[in-house]
There are 4 protein chains.
Amino acid sequence: MSEHEDEQLVGEYPSLPKQKRSQQKRDALLESGRALFIEKGYEQTNAKEIASHAGVATGTFYRYFTDKRQLMMSLLEDQLEKLLPPEPNWTNVDPESFFATLLEQHYKRLNRLGLHRVLPELLLKDPQLAEVVAEARKKIHARILVSLKNAREQGIVWADLDLDTVSWSIMVLSDKIPEKLTECGNQADYSKLAKVICRLVFPPDVLKQLKLNKK
Amino acid sequence: MSEHEDEQLVGEYPSLPKQKRSQQKRDALLESGRALFIEKGYEQTNAKEIASHAGVATGTFYRYFTDKRQLMMSLLEDQLEKLLPPEPNWTNVDPESFFATLLEQHYKRLNRLGLHRVLPELLLKDPQLAEVVAEARKKIHARILVSLKNAREQGIVWADLDLDTVSWSIMVLSDKIPEKLTECGNQADYSKLAKVICRLVFPPDVLKQLKLNKK
Amino acid sequence: MSEHEDEQLVGEYPSLPKQKRSQQKRDALLESGRALFIEKGYEQTNAKEIASHAGVATGTFYRYFTDKRQLMMSLLEDQLEKLLPPEPNWTNVDPESFFATLLEQHYKRLNRLGLHRVLPELLLKDPQLAEVVAEARKKIHARILVSLKNAREQGIVWADLDLDTVSWSIMVLSDKIPEKLTECGNQADYSKLAKVICRLVFPPDVLKQLKLNKK
Amino acid sequence: MSEHEDEQLVGEYPSLPKQKRSQQKRDALLESGRALFIEKGYEQTNAKEIASHAGVATGTFYRYFTDKRQLMMSLLEDQLEKLLPPEPNWTNVDPESFFATLLEQHYKRLNRLGLHRVLPELLLKDPQLAEVVAEARKKIHARILVSLKNAREQGIVWADLDLDTVSWSIMVLSDKIPEKLTECGNQADYSKLAKVICRLVFPPDVLKQLKLNKK
DNA sequence: GATGAATGAGGATTCATTCAT
DNA sequence: GATGAATGAATCCTCATTCAT
């Protein structure tokens, strides 16, 4: 057998759960893994704990996952794509409100996943997983970039900024919201940050016009 | 040298090395710790490896540090403050070049430290250390904020943005440079990012004026 | 069986063994611990040895005991009270034979426990355990004292001796039998020591009378 | 070199200290060893601590002793023989006062040595040392036995007791004084125990006569 | 399928002893 | 002689993984 046999993203499941009870157990394990990874960190959580938190025996864990790394991968697979932002139609929205709402939603999703707290640790130790994450980030980045390019074609974004850099900046700032809220403490910062992001994208006069359009 | 000179934040060392050879060993251990933490991750590195990488016996490690956590703390203490940005005089510099240079320096420092790759992992598991880091970040944030406030008094920054949010954004974007360079691959992105940051701070006409002043 | 039945003095076990096989392993570990403590001394025995002597893996030891100290405590708990002497009815027994038999039994019990050889070492290093042992000794002392007091009320013991001191002396001499047999080598010394003890308790004429009563 | 080269009692000294400074250091080490053995137990004390308590470097310890075992042996050699009781002249003393005084002195010596607290631990792990101690005890036992035999020739001890057992009992009870004082707390128990011991030796009428002789 | 007891390699740490200064 | 830093074998304990029930 090749050492690389599980180089598809998540590897083969020890068994493909087809029945309802099985699926429930697998879900319980995923959820317990997520909760414990967030609470105590990836490294500090072991398979036994995940199993017992999910109300199953240690051995059962290994029926559904080869190890906690695979469970982690499944979590990521399930959820990373949920972070893709929607494609906005700039002429229909108030960009500041739009970004503020987006940031809040993004923050809530990040918080629900919670994984952003453990990811950095994992990326270092698990290059395969790092790739999965990088891929997801590239998608997000690309999605933002496309929006910006569309907007530029409409002549509504700064002409002198590198859109790739701008979209990357938006992504980074969005990702760091949880940290900002922790560091600065103010729960209503979304609109402030939304304003900052809008400045990166729209010249003030354009922004004013867009707001008027909306109303 | 006073016996108490480094009894601050990190607690007492198992032994305060007084002799030159000792200091060399301690330094070798610190450097090995740094290198291995960066290379393999904090969790994946153990005291034995650090010692052997530094060319000393396992026991010697414990002569100088109570455990690898303390070594980590020492690394941070030694180096976090080196990340403080200088206080700029906006009327004397071309802001874009200034930021580009700053970003490049910051990137090089981060890379030299390398610790940014292991920090996230640690912050989760070690609240005491998290505090040290948060403190350092607050200092950096504050330093940037002060610069911006001075600039605002000179009427040279956007009047409608929250400076706290702007300075936080600058810090976050700076910190993520290593990641950007990895993700996007382009080593000459500093000026692009510098432009983006300048847009957050200076209205375009002000910026043009500042550039002229410089010349 | 109640889950709480042995949560007394020794604290909770890492796991309360419920199954028969488990109980067997736990017992095997206890027995191995006892044997090795006696053979090599407490300090000289480690968990790995106890486990391998019991035919289980090191980790299994830690499933049943937090450390060897707890195993020691369990041994003591199980067995100290077995050393309590029976309450004699002086008018029904030949005191010399009674004591001789008692001494022999006590000796055999001590030998079976074997712990008397390691106890002194432990008492110094483990005050909690020292308390357990002191408590047991106090019970034994008290039991002897009660017997003597009853006998004195019947007017059959020396009137001029301090009964507390006498009962303490009996306890001490009994405890040292193993040492005496080692030092002096004579296995049939029980009756000699019994005579000595009888002299501490009964005036010769009373003793003669008691012997007659018996016959 | 033979593995048995130090089978004389204490082994060869790494160096025979002839000079005053050396002798002082050696004494300081012995005293520190004694103090720490008593305070923390033999096993719990290490060479480094003994050295530092004596105000010398670790290496110096090994100049004077091959290891802490040898230091222990030296302590015993120096002091065990001090425990030999004096030869009494029964016709000249009040036996009860004599024994009471003897017990008190013995107790004080034991306490000064303090070693009785660590001996049991050692005897088990170090048969060579056990022999040294057994030898010393035999001497003490013999000394008491001789006294008793002399007394018996004068017809002043019980005729029906085994003198060997009686002398052994006296030794054991004497050795346990520290424990009795701890267990029972009464510092003035010497005379009570002296009475008990006298009962083992002298018939009451003889004792009365001896007391009269004294006066 | 499910269980959870058992495994044992591996990490963290200590300390008796040596030896360069 | 004296020093104390350095050594590394040995110990304690954990936990990912297996497997008999």
Side-chain angles (χ1 to χ4, degrees), chain A residues 14-15 17 19 21-22 25 43-52 55-69, chain B residues 14-15 17-26 43-52 54-69, chain C residues 14-15 17-26 43-52 54-69, chain D residues 14-15 17 19 21-22 25 43-52 55-69:
Chain A
S15 121
Q19 309 187 351
R21 290 289 284 280
S22 289
K25 296 211 169 167
E43 211 48 68
Q44 283 69 47
T45 303
N46 62 42
K48 194 175 188 176
E49 283 172 307
I50 297 173
S52 108
V56 301
T58 318
T60 306
F61 176 94
Y62 288 93
R63 181 144 203 90
Y64 293 106
F65 303 95
T66 58
D67 52 20
K68 71 174 171 177
R69 185 179 155 280
Chain B
S15 124
K18 306 248 169 52
Q19 307 184 353
K20 216 169 69 187
R21 290 291 284 285
S22 290
Q23 191 58 50
Q24 281 173 4
K25 298 230 161 158
R26 187 170 183 277
E43 214 43 73
Q44 283 68 47
T45 304
N46 63 41
K48 197 174 186 175
E49 285 172 305
I50 296 173
S52 102
V56 302
T58 317
T60 305
F61 177 94
Y62 289 95
R63 183 159 195 76
Y64 294 105
F65 304 96
T66 55
D67 50 21
K68 69 175 171 175
R69 187 180 156 280
Chain C
S15 126
K18 306 246 167 54
Q19 308 185 354
K20 216 169 71 188
R21 290 289 286 285
S22 290
Q23 191 58 50
Q24 281 173 3
K25 299 230 161 156
R26 188 171 183 277
E43 214 43 71
Q44 283 68 48
T45 304
N46 63 39
K48 197 175 188 175
E49 285 173 306
I50 296 173
S52 102
V56 301
T58 317
T60 305
F61 177 94
Y62 291 96
R63 184 162 192 75
Y64 295 105
F65 305 95
T66 55
D67 51 20
K68 68 175 172 174
R69 187 179 156 281
Chain D
S15 121
Q19 308 186 352
R21 290 290 283 280
S22 291
K25 296 210 170 170
E43 210 48 67
Q44 283 68 46
T45 303
N46 62 43
K48 194 175 188 176
E49 284 172 306
I50 297 173
S52 108
V56 301
T58 319
T60 306
F61 177 94
Y62 288 92
R63 178 144 207 90
Y64 294 105
F65 304 95
T66 56
D67 53 20
K68 71 174 170 176
R69 186 179 155 281

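A note on names: the letters A, B, ... follow the listed sequences, proteins ahead of strands, and every chain is numbered from 1. Everything numeric here is computed off the predicted structure, so don't read it as measured data.
- Note that the CZ atom of B/Arg26 and the CZ atom of B/Phe65 stand 4.0 Å from one another [nearest 0.5 Å].
- Comparing F/dT17, F/dG4, F/dG1 against the side chain of D/Arg63 picks out F/dG1 as the nearest.
- Distance NZ (C/Lys48) to P (F/dT14): 16 Å, rounded to an integer number of Å.
- In this structure, C/Tyr64 atom OH and F/dT14 atom C1' are separated by 17 Å, rounded to whole Å.
- As a whole-Å value, the separation of B/Asn46 CG from F/dC12 P is 20 Å.
- Taking a pair as Watson-Crick or G-U wobble with both distances under 3.5 Å, DNA chain E forms stems of 3 or more consecutive pairs at E:2-21 with F:2-21.
- Between D/Ile50 atom CD1 and E/dT17 atom P the separation is 11 Å, expressed in whole Å.
- Rounded to whole angstrom, the span from the CZ atom of C/Phe65 across to the P atom of F/dC12 amounts to 15 Å.
- In this structure, C/Thr58 and C/Lys48 approach most closely via the heavy-atom pair OG1-CG, 3.7 Å.
- Rounded to whole Å, the distance from CD on D/Gln44 to P on E/dC15 is 10 Å.
- Between B/Gln44 and B/Glu49, the closest heavy-atom pair is O-OE1, 3.5 Å.
- Remark: P of F/dG1 and NZ of D/Lys25 are 10 Å apart, rounded to the nearest angstrom.
- Each of A/Gly59 and B/Asp67 lies near DNA chain E, and the nucleotide nearest A/Gly59 is the one positioned closer to the 5' end.
- Contact detail for D/Ala57 and D/Ala51: the closest heavy-atom pair is O-CB, 3.5 Å.
- In this structure, of F/dA6, E/dA12, E/dT3, it is E/dT3 that holds the atom nearest to the side chain of A/Thr60.
- Along DNA chain E, the nucleotide nearest to B/Ala47 and the one nearest to C/Val56 differ in position, and the one closer to the 5' end is contacted by C/Val56.
- In this structure, the nucleotide among E/dT3, F/dG1, F/dT7 sitting nearest to the side chain of B/Ala57 is F/dT7.
- The minimum heavy-atom distance between A/Tyr64 and A/Lys25, with the atom names listed, is CE1-CB, 3.9 Å.
- A distance of 13.0 Å separates OG1 of C/Thr60 from CD1 of C/Ile50, quoted to the nearest 0.5 Å.
- Straight-line distance from the CD atom of A/Glu49 to the C1' atom of F/dA16: 12 Å, rounded to whole Å.
- Listed nucleotides E/dA2, F/dA16, E/dT7 differ in distance to A/Tyr62; the shortest reach to its side chain belongs to F/dA16.
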